[in-house]
Amino acid sequence: MLVVLFVIVLWYGGLFFQSFFLHRYAAHQVFTMSKTMERITFVLTWIFQGSSYLSAYGYGIMHRMHHAYTDTDQDPHSPSHDPNLFAMMWRTKTIYQDINKERIAIDQRFTKNVPQWKSFDAFASSRFSRLLWIGLYILFFALFVTAWWQWLLLPIAFLMAPIHGVIINWFGHIYGYVNFKMKNTSKNLFRFDFLMMGEGYHNNHHKHANRANFGVKWYEIDITYLIIRLLDAVGLIHLKPIPVKN
Ligand SMILES: [Zn+2]
Ligand SMILES: [Zn+2]
């Protein structure tokens with residue numbers, strides 16, 4: 001069962017840094033932190049996302065474009081424009097790499113204050129780093145697998161970050177309920193989001209993109225937000241005041 005536990009740790013660890021660092025900090029900047037804390041978070045994101053590490057720069061810019069162009073043909077990922085889930089994943093990957101390698105011109109509003117640590121990102125996104133993590137995952141599985149079906153979890157470990165992305169970007173724009181009628185297809189996937197740590201309240205988030213707390217109703221408990229509140233209380237990060245408008 002150690003393998004199952006390992007994948008659960010990767011699931012929630014990788015998801016936390018995607019939600020906390022890449023989404024709420026890099027893209028939306030709902031809190032601030034010192035340069036040292038930011039660097040520590042970069043490294044922790046690399047450790048927990050491992051083979052599927054995403055850079056704050058590439059993610060942050062692409063995600064701001066998603067908010068600006070939701071469901072239009074300029075949206076980097078949308079079930080309204082991509083024929084299927086895999087086609088969307090592939091297009092997202094291409095746009096992400098174009099941004100990261102600075103191959104396309106990007107409007108200033110998308111790049112403003114997005115954290116970037118070029119040398120570390122180059123290392124953490126390198127083939128060497130990805131293969132190193134893949135090797136370590138295989139080794140862990142080889143040592144601790146106790147039933148054949150547990151091997152089925154290995155590809156999930158390899159592709160954790162894109163899997164998290166696709167759950168929100170595909171399913172979160174098709175299935176679920178809405179609290180806010182909007183001109184886009186965003187939905188809240190779960191009434192209590194234990195699986196995606198608050199990211200699943202995607203309709204709420206499209207409505208109030210600058211709010212740290214993605215929950216609106218009493219039962220929409222946002223686990224990442226609770227951790228953000230804790231980190232704010234102990235002084236590791238500083239939550240910005242809740243915006244009056246938006
Ligand atoms: Zn969305
Ligand atoms: Zn967002």
Side-chain angles (χ1 to χ4, degrees), residues 14-32 41 45 49 54-85 87-93 95-96 99 106-107 109-115 161-190 193 195-216 220 222-225 227-228 237 239-240 242-243 245-246:
L15 179 60
F16 173 73
F17 284 100
Q18 183 160 336
S19 181
F20 168 79
F21 185 53
L22 305 182
H23 191 190
R24 304 190 204 204
Y25 180 74
H28 295 297
Q29 317 210 316
V30 299
F31 58 88
T32 57
T41 314
T45 304
Q49 288 196 328
L54 294 172
S55 87
Y57 185 79
Y59 182 103
I61 290 173
M62 191 169 69
H63 186 69
R64 287 178 182 186
M65 291 166 75
H66 170 61
H67 277 274
Y69 303 129
T70 316
D71 291 333
T72 71
D73 55 0
Q74 283 174 288
D75 189 343
H77 41 72
S78 169
S80 311
H81 287 276
D82 293 294
N84 62 62
L85 184 149
M88 186 185 83
M89 284 174 95
W90 193 257
R91 196 165 68 88
T92 309
K93 173 186 134 2
I95 297 171
Y96 167 81
I99 296 169
I106 295 157
D107 200 298
R109 70 190 155 128
F110 298 130
T111 55
K112 193 170 174 243
N113 296 330
V114 176
I163 290 171
H164 287 144
V166 96
I167 291 174
I168 302 303
N169 297 333
W170 183 265
F171 298 104
H173 276 273
I174 301 177
Y175 303 108
Y177 66 98
V178 296
N179 283 334
F180 303 101
K181 255 203 156 75
M182 297 194 62
K183 286 197 187 102
N184 62 58
T185 56
S186 61
K187 306 275 189 303
N188 290 340
L189 279 172
F190 315 101
D193 180 13
L195 193 70
M196 296 301 293
M197 296 184 77
E199 291 289 307
Y201 309 129
H202 199 57
N203 172 252
N204 296 352
H205 174 58
H206 267 277
K207 176 71 182 171
H208 299 293
N210 296 320
R211 279 194 193 164
N213 183 0
F214 290 4
V216 170
E220 292 167 351
D222 179 350
I223 300 166
T224 304
Y225 175 66
I227 301 171
I228 287 174
I237 63 169
L239 256 177
K240 289 184 183 171
I242 298 166
K245 241 178 77 190
N246 187 15

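Indexing begins at 1, ligand by ligand and atom by atom, following the structure's order. All values below were derived from every heavy atom in this structure, side-chain atoms included, with hydrogens, water molecules and symmetry-related copies excluded. Bear in mind that the values here come from a model prediction, so they are computed numbers and not experimental data.
Around the OH atom of Y69, the shell of radius 6.0 Å holds more than 12 heavy atoms that belong to other residues, nucleotides or ligands.
Using cut-offs of 30° and 60° for the angle between ring planes, the Y25 and F21 rings count as parallel. Note on ring orientation: taking the six-membered ring where Trp is involved, the planes of H63 and Y59 are parallel (angle under 30°, cut-offs 30° and 60°).
Scanning for side chain to side chain donor-acceptor pair (under 3.5 Å) contacts around K112 gives an empty result, with sequence neighbours left out. Applying the salt bridge (Lys or Arg N to Asp or Glu O under 4.0 Å) test to D222 and every residue at least two apart in sequence or in another chain returns R24. Residues that satisfy the salt bridge (Lys or Arg N to Asp or Glu O under 4.0 Å) test with D82, not counting sequence neighbours, are R91.
The Zn ion (ligand 1) lies closest to atom NE2 when only the N/O/S atoms of H202 are considered.
If you count the protein N, O or S atoms nearer to the Zn ion (ligand 2) than 2.8 Å, you get 5.
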